[in-house]
Amino acid sequence: DQTGNVGIGTTNPDSQSRLTLVLPSATNGRILSMYRAAGAYGYHLGIDSSSRFNLYNNNGTSSLFTVDSSGNVGIGTSSPDERLHVHASDSGNSLAAFTNSTTGLTTEFVVGINSSEQALLYNENNTDMLFATNDTERMRIQSGGTVNIGANDTSANALASLLNLKSSSAHAVLRIVAPSSYNSELKLGVLNTTNSNTIKFGDALDDDVGYIQYNHGGNYLRFGTNANERIRIDSSGRVGIGTDGPSGTLHISGGSSTF
């Protein structure tokens, strides 16, 4: 036209564009095809009948990349359902990978679903995974597998645990609540008949200064304070105070009375 704008397939090129390409009909079609060489594999840009912008593969019909009129982007699908929609055309993995110059191209952080339709957050690097809300870290999975909730704790005791809860600015509370008509339980178990289940009470000087322990080998329950056993209930229900071998229903050692 008189302003220098060029129209192909139209006599009225867009006034805001130097080059306007218009398909001859409203059906699916290519606007631009690109080949490295004659007869080589090619890629094609086009707009389909639903006004979606597409990058097609060599056959010109299967969309590799789609942007619809709402701004949703589809990779592997021409009908994206979210802002970014990644789809695998078979029952295999559908994954997005993130790397940088340090990780290299093969050690990745992966998000998606696997061939069993399981959701994945997968860190292939020997590094921590962080989770945050309100621009503040709330949970961290250490590279060794320890889950830290609250403050990030890298002490030896914390890293030797599977789950570590630590508060840096408030009381540390673990709350278990059951709905109406149901009970709440805290269960500790072992996979044999000889080991023990223990609840420990620690402070800054001693990690188990107090404890409650059930021993499955002897089927007894014992209570400790100041790192020493104080009370034991044996498998027959006899209670020993100051003794680990009660001989009566209530056996108090350290004085002159035995019941």
Side-chain angles (χ1 to χ4, degrees), residues 118-133 136-259:
Q118 297 167 326
L120 291 181
L121 285 175
Y122 202 89
N123 186 6
E124 296 178 350
N125 296 279
N126 187 24
T127 55
D128 300 349
M129 287 182 63
L130 282 65
F131 301 82
T133 63
T136 302
E137 181 181 332
R138 307 298 187 185
M139 185 174 76
R140 179 184 296 231
I141 303 177
Q142 296 280 349
S143 59
T146 296
V147 177
N148 277 333
I149 297 178
N152 184 37
D153 192 342
T154 58
S155 66
N157 285 332
L159 296 181
S161 305
L162 293 176
L163 175 63
N164 185 64
L165 286 73
K166 182 179 180 180
S167 175
S168 59
S169 59
H171 297 299
V173 178
L174 175 62
R175 187 168 182 248
I176 303 174
V177 179
S180 178
S181 301
Y182 290 88
N183 299 321
S184 59
E185 298 179 353
L186 177 63
K187 292 186 177 182
L188 304 178
V190 295
L191 297 179
N192 56 36
T193 58
T194 57
N195 287 0
S196 300
N197 300 121
T198 307
I199 299 175
K200 296 181 178 181
F201 305 91
D203 55 30
L205 299 177
D206 194 331
D207 193 45
D208 56 356
V209 66
Y211 58 83
I212 301 172
Q213 182 181 82
Y214 188 88
N215 179 276
H216 293 274
N219 285 315
Y220 59 79
L221 180 67
R222 64 186 189 132
F223 300 81
T225 64
N226 199 25
N228 289 284
E229 181 179 334
R230 305 301 185 183
I231 300 174
R232 178 175 296 209
I233 304 174
D234 69 13
S235 60
S236 299
R238 293 172 296 199
V239 178
I241 300 176
T243 177
D244 59 10
S247 57
T249 301
L250 175 62
H251 182 163
I252 299 175
S253 180
S256 57
S257 299
T258 299
F259 300 92

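Because the structure is predicted, anything quoted here is derived from the model rather than measured.
- Taking both residues in full, the closest heavy atoms of Thr198 and Tyr211 are given as CG2-CB, 4.2 Å, listed atom of the first, atom of the second, then distance.
- Heavy-atom neighbours of Phe201 CZ from other residues, nucleotides or ligands within 6.0 Å: above the threshold of 12.
- Two residues are said to be in side-chain contact when any heavy atoms from C-beta on lie closer than 4.5 Å; Ser143 and Asn126 meet this criterion.
- Residues Asn164 and Val147 are not in side-chain contact: their nearest non-hydrogen atoms beyond the backbone lie 4.5 Å or more apart.
- In this structure, Arg222 and Asn215 have side chains that are not in contact, with every pair of non-hydrogen atoms separated by 4.5 Å or more.
- Rounded to the nearest 0.5 angstrom, Ile252 CD1 and Thr243 OG1 are separated by 11.5 Å.
- Between atom CG of residue Asp244 and atom NE2 of residue His251 there is a gap of 10.0 Å, rounded to the nearest 0.5 Å.
- The distance from atom CG of Leu188 to atom OG of Ser196, rounded to the nearest 0.5 Å, is 11.5 Å.
- Distance check: Leu221 CG to Tyr214 OH gives 8.0 Å after rounding to the nearest 0.5 Å.
- Glu185 has its side chain out of reach of Ile176: every pair of non-hydrogen atoms, C-beta onward, lies at least 4.5 Å apart.
- Nearest heavy-atom pair across Ser167 and Ala170 is OG-O, 2.7 Å.
- Once rounded to the nearest 0.5 Å, the distance linking CZ of Arg230 with CD1 of Ile241 reads 12.0 Å.
- Here the rule is side-chain hydrogen bond (donor to acceptor under 3.5 Å, both in side chains) with His216, and of Asn197, Thr194, Asn192 only Asn197 fits it.
- Pairing each heavy atom of Ser235 with each of Gly218, the nearest pair is CB-O, 3.8 Å.
- Tested against Arg140 for a side-chain hydrogen bond (donor to acceptor under 3.5 Å, both in side chains), the candidates Asp128, Asp153, Thr154 yield a single pass: Asp128.
- At least one donor-acceptor pair under 3.5 Å links the side chain of Thr146 to the backbone N or O of Leu159.
- Counting non-hydrogen atoms of neighbouring residues, nucleotides and ligands closer than 6.0 angstrom, the CG atom of Leu163 exceeds 12 such neighbours.
- With 3.5 Å as the limit, one finds no donor-acceptor pair spanning the side chains of Asn157 and Ser155.
- Taking every heavy atom of both residues into account, Gly242 and Ser253 meet most closely at O-CB, 3.6 Å.
- Atom CG of Asp208 sits about 9.5 Å away from atom CG of Asp203, to the nearest 0.5 Å.
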